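Position 1 is the first residue of the sequence; numbering continues from there. Values below: all heavy atoms of this structure, side chains included; hydrogens, waters and symmetry mates excluded. None of the values given here were measured: they were computed from a predicted structure.
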Amino acid sequence: MEKPKDYYGILGVSRNASTAAIKRAYRRLAKQLHPDMGGAEPMGEAFRDLQAAYETLADAEQRRRYDETLGRL
């Protein structure tokens with residue numbers, strides 16, 4: 001079984017972070033990593049990981065399932 005990505009690490013929050021803290025971290029990082037913001041190298045992959053992390057951790061049910069998956073590893 002492939003180990004899932006560390007969504008908490010991608011967002012830079014602790015495992016007990018509130019939904020509001022997750023949202024703040026996402027918005028801060030989205031401004032830095034969004035492909036339309038320019039830069040020398042495209043940040044497409046990092047931005048996709050950021051989006052996946054936010055979508056998973058911002059939803060209570062998806063976060064619970066993600067945490068259970070991490071607990072089984």
Side-chain angles (χ1 to χ4, degrees):
M1 182 173 168
E2 183 179 320
K3 185 176 181 182
K5 291 187 179 190
D6 178 13
Y7 287 158
Y8 293 102
I10 290 170
L11 287 168
V13 297
S14 68
R15 287 191 70 174
N16 61 353
S18 68
T19 303
I22 289 169
K23 187 174 186 175
R24 279 192 305 272
Y26 169 74
R27 288 183 175 196
R28 178 179 45 82
L29 290 168
K31 288 178 185 176
Q32 295 172 6
L33 298 175
H34 196 280
D36 290 344
M37 298 306 284
E41 296 181 36
M43 296 283 191
E45 184 66 29
F47 188 71
R48 281 190 289 278
D49 288 345
L50 178 66
Q51 283 184 299
Y54 178 69
E55 289 172 5
T56 300
L57 298 181
D59 180 88
E61 180 60 23
Q62 287 185 32
R63 184 176 181 177
R64 183 189 63 75
R65 286 192 306 242
Y66 175 75
D67 287 343
E68 286 177 359
T69 301
L70 289 181
R72 285 182 275 182
L73 297 178

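In terms of heavy-atom proximity, Pro4 sits nearest to Leu70 at CG-CD2, 3.8 Å. For the residue pair Val13 and Ala21, the shortest heavy atom distance occurs at CG1-O, 4.1 Å.
Residues Ile10 and Lys5 are in side-chain contact: their nearest non-hydrogen atoms beyond the backbone lie under 4.5 Å apart. Considering only heavy atoms from C-beta on, Asp67 comes within 4.5 Å of Tyr8 through its side chain. Within the 4.5 Å cutoff, no side-chain heavy atoms of Gln62 are placed close to those of Leu57.
Evaluated for a side-chain contact (heavy atoms from CB on, under 4.5 Å) with Leu11, the options Thr56, Asp6, Ile22 yield exactly one hit, Ile22.
In this structure, the separation between CZ on Arg27 and OH on Tyr54 is 6.5 Å, given to the nearest 0.5 Å. A distance of 9.5 Å separates CG in Leu50 from CZ in Arg28, rounded to the nearest 0.5 Å. In this structure, CZ in Arg15 is found 14.0 Å from OH in Tyr7, a value given to the nearest 0.5 Å.
Applying the side-chain hydrogen bond (donor to acceptor under 3.5 Å, both in side chains) rule to Ser14 yields the partners Asn16; only residues at least two apart in sequence or on another chain are considered.
Here Arg65 does not pair with Glu68 in a salt bridge; the nearest charged N to carboxylate O distance is not below 4.0 Å.
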